2 protein chains.
Amino acid sequence: MDKTAGRHPKIKDVASSAGVSVTTVSRVLNGHPYVREEIRAKVAASIEALGYSPSSIARSLVRRSTDLIGVIVSDITASFFSTILGSIEEAASAKGYAILVSNIAEDPEKELRYLKLFKGMRVAGIIVMHEPTTAAIRRYAASIGIPLVVSSARPAGLSEPSVNIDDETAAYDAASYLAGLGHRAIALIGGDCERLTTARMRYDGYRRALAEKGIEADPALVKVGDFKTQDGYMLMGELLRTSPRPSAVFALSDDMAAGAMNRVMDEGLRVPEDISIMGFDDSALASMTRPALTTVHQPIADIGSISVESLIRGIEGDRPSTEGIILRHRIVERASCARKA
Amino acid sequence: MDKTAGRHPKIKDVASSAGVSVTTVSRVLNGHPYVREEIRAKVAASIEALGYSPSSIARSLVRRSTDLIGVIVSDITASFFSTILGSIEEAASAKGYAILVSNIAEDPEKELRYLKLFKGMRVAGIIVMHEPTTAAIRRYAASIGIPLVVSSARPAGLSEPSVNIDDETAAYDAASYLAGLGHRAIALIGGDCERLTTARMRYDGYRRALAEKGIEADPALVKVGDFKTQDGYMLMGELLRTSPRPSAVFALSDDMAAGAMNRVMDEGLRVPEDISIMGFDDSALASMTRPALTTVHQPIADIGSISVESLIRGIEGDRPSTEGIILRHRIVERASCARKA
DNA sequence: TTGTATGCGTTATCAA
DNA sequence: TTGATAACGCATACAA
């Protein structure tokens, strides 16, 4: 009784089962007009009976396009990224796209491998939440012939569209806020300015705020890590041992801020009474710590959805849309920062 | 000069550029033997020059298989899931598979839609980190003809392989631990036992521990939410108003535990001096809170990698491997639980 | 060692 | 309103 050979019946099976041509089946599949209602019903019945599901592989081959969006994340584990990823998934899914995700964990090899994979798969578009690391990667990404948007990172050396906040101003606002609270020894813990444009912009903003308040920058007060909790904890340890000890520290991610806060408390000091700590991102974590983090709010969900929209515009539109979208940030005051004693 | 029509050159372009047949190009592409070294070099040069990248779509069509693994997550934002997802990505990527991720956010419609999408794409396998919600979904999943493993959830009504810890015993151990600390009014905040087998198993373990210690179960002390921080916060609020007030609460996720802890502190009480709080998962969050969470450790990374291994065995092996893998849990003592005053 | 021809499962073109 | 048939880009059986 079983006419279908493999696990997945094909359009031909449906056709013969319904006693029509494959063309007709294809027509009802794609909601084409010019199919008699009676036939349509019969075909639908066969599809149902056989459990037929059209192969999007074959379909993609002839249509020469897929409904796939490749996304490259540097650390899927970070609350900031997983939230963006969630919003990307939501927006993409709503538009009929599925997402292919990679977690490159700062491994340039892997980043390049995924870019190649994406090209091989002919994904419709790519979202990169990472600063394209090496020159080879930048070159490859630029030559790939697939719409790409860089999300919450700077496309250094790439003329691709991007969506970000104004990192320089955001950091300036944060540092100014801390200075406004009377702090002068304001430390910065963040990412590598050489490698990450985002980190450098924030550093610049921090420096500008200090300069404006007449505070001399102290190199001993800026420490570099990789945005993770662990690093915040470690770097705060170093900071606690520098003299003079900073009275406020500005962390370039909430994860780092949380780590720093824990270190302060673990060493028997209080936040914010002894040391104020400010975060960056306003990720879910920010309101989960106690004291809750005063931080720089990034419109995380918007960054994700707007990245998708921008990408889809690039996919479906004609021209590649080289826009750099800047979203609004703001300082959100919670409980981790206080006026300097 | 430009002979290639579209954006992506095809094997034919490479062939004519190198002055050989497509078969030969295909051979060097797939590392076939029996290709003269000289020709191989020439072809490689053409590939490089044209920036040719084989279409995995066409390749999949003829090979009748893809290197895709579809994964369904209920909440990608939860630290527990994003960590597993990271480990799944790592394991899959190491084996040459890419992952397609969906974030279904407890939406059965979306779960079914994704399952259908995955089938249409002919993914090689599927990992579901969620308890297949409706009967329709269970039926569809069972009939889909694609290897599937349920990870960190129970495949209720499904005979598919799964990887989990022993949730009943884990909860039993946790509740026993709390009882061992002298607590008798031990509350439970968790998920819906009707819908989630995992939640029910944990509830059963909790009940068993209480019974064994001769503690009468008080229905007022068990509250149902959806594993999120927000719910922990809210449910703890209710618990604080029940009398007698529990002296310990066992939360079925670290996220909930963190929320509960915050509520306790926000209402001016102390953890663990006034109320002990125990979590579940040992996600990254567990060591980030202060006090750090005493919790039930799940081997999160292992769950991910073993799920992938098991799935791949199902993909590449002959028989569908209907094994239920149980990983070891353990209680990790940190600072959120104390002996009852 | 290399090339020709066929098929993978769809959609699209054209004719009927 | 319906149906042959030719692509789509590649891998492979078979021939040379």
Side-chain angles (χ1 to χ4, degrees), chain A residues 3-44 46-47 50-67 117 119-124 145, chain B residues 3-44 46-47 50-67 117 119-124 145:
Chain A
K3 270 182 273 185
T4 66
R7 288 189 312 206
H8 303 286
K10 14 197 195 182
I11 200 171
K12 207 174 161 189
D13 300 317
V14 176
S16 58
S17 153
V20 297
S21 73
V22 297
T23 308
T24 299
V25 177
S26 175
R27 286 199 179 99
V28 346
L29 243 25
N30 297 287
H32 223 275
Y34 300 126
V35 179
R36 232 190 321 153
E37 196 44 56
E38 179 194 332
I39 300 241
R40 189 185 296 280
K42 196 155 59 172
V43 170
S46 293
I47 289 176
L50 296 178
Y52 169 74
S53 155
S55 159
S56 26
I57 297 172
R59 183 174 283 177
S60 287
L61 185 60
V62 20
R63 291 205 179 137
R64 258 157 304 186
S65 74
T66 62
D67 295 333
L117 185 83
K119 169 157 191 190
M121 291 206 153
R122 305 294 190 260
V123 299
Chain B
K3 269 183 273 186
T4 67
R7 288 190 310 206
H8 304 285
K10 13 197 200 185
I11 199 172
K12 207 174 161 188
D13 299 316
V14 177
S16 58
S17 154
V20 298
S21 74
V22 296
T23 307
T24 299
V25 176
S26 175
R27 286 201 179 98
V28 347
L29 243 25
N30 297 289
H32 221 275
Y34 300 126
V35 180
R36 232 191 318 155
E37 196 43 56
E38 176 193 335
I39 299 239
R40 188 185 297 280
K42 194 153 63 171
V43 169
S46 294
I47 288 175
L50 294 177
Y52 170 75
S53 155
S55 159
S56 27
I57 297 172
R59 184 174 280 180
S60 287
L61 187 60
V62 22
R63 290 203 179 141
R64 255 157 306 189
S65 75
T66 63
D67 295 331
L117 186 83
K119 167 157 192 186
M121 291 206 159
R122 304 296 190 258
V123 298

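Treat the numbers as computed from the prediction; the structure is a model and nothing was measured. Naming convention: chains lettered A, B, ... in sequence-line order (proteins, then strands); numbering from 1 in each chain.
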Options D:dC10, C:dT10, D:dT2, nucleotide nearest the side-chain atoms of B:K10:
D:dC10
Considering only D:dG9, C:dT11, D:dT2, which nucleotide approaches the side chain of A:L29 most closely?
C:dT11
Polar side-chain atom of B:S17 near backbone of B:S46 as donor-acceptor pair, under 3.5 Å
no
Do the side chain of B:R7 and the main chain of A:G145 share a donor and acceptor less than 3.5 angstrom apart?
yes
Is there a side-chain contact between B:S60 and B:R122 (heavy atoms, below 4.5 Å)?
no
Going by heavy atoms in the side chains, are B:R59 and B:N30 under 4.5 Å from each other?
yes
Is any side-chain N or O of [X] closer than 4.0 Å to OP1 or OP2 of [N]?
X: B:R59; N: D:dG9; result: no
X: A:S26; N: C:dT10; result: no
X: B:R27; N: C:dT2; result: no
X: A:T24; N: D:dG3; result: yes
X: B:S21; N: C:dG3; result: yes
X: A:Y34; N: D:dG3; result: no

Could you say whether B:V22 or B:R64 is positioned toward the 5' end of DNA chain C, judged by the nucleotide with the nearest heavy atom to each?
B:V22
Along DNA chain C (nearest heavy atom to each residue), the more 5'-positioned of A:A58 and B:V20:
B:V20
So A:I39, base contact, sugar-phosphate only, or nothing? Heavy-atom distance under 4.0 Å.
sugar-phosphate
Give A:P33 one of three labels, base, sugar-phosphate or nothing, depending on what nucleic acid heavy atoms sit under 4.0 Å from its own.
nothing
Let me know the distance between [atom1] of [X] and [atom2] of [N], rounded to the nearest Å.
X: A:I11; N: D:dG3; atom1: CD1; atom2: P; result: 12 Å
X: B:R7; N: D:dG9; atom1: CZ; atom2: P; result: 13 Å
X: B:K12; N: C:dA5; atom1: NZ; atom2: C1'; result: 14 Å
X: B:E37; N: C:dT2; atom1: CD; atom2: P; result: 10 Å
X: A:Y52; N: C:dG9; atom1: OH; atom2: C1'; result: 7 Å
X: B:L61; N: C:dT11; atom1: CG; atom2: P; result: 12 Å
X: B:H32; N: D:dA13; atom1: NE2; atom2: C1'; result: 11 Å
X: B:I57; N: C:dT11; atom1: CD1; atom2: P; result: 14 Å

We want to know whether B:S26 and B:T23 form a side-chain donor-acceptor pair, criterion being a heavy-atom distance below 3.5 angstrom.
no
Does the pair B:V14 and B:V22 meet the rule for a side chain to side chain contact (heavy atoms under 4.5 Å, CB included), with working shown?
CA-CA 8 Å; B:V14 177; B:V22 296; over 6 Å; no
N/O donor-acceptor pair, side chain B:T23 with base D:dT12, under 3.5 angstrom:
yes
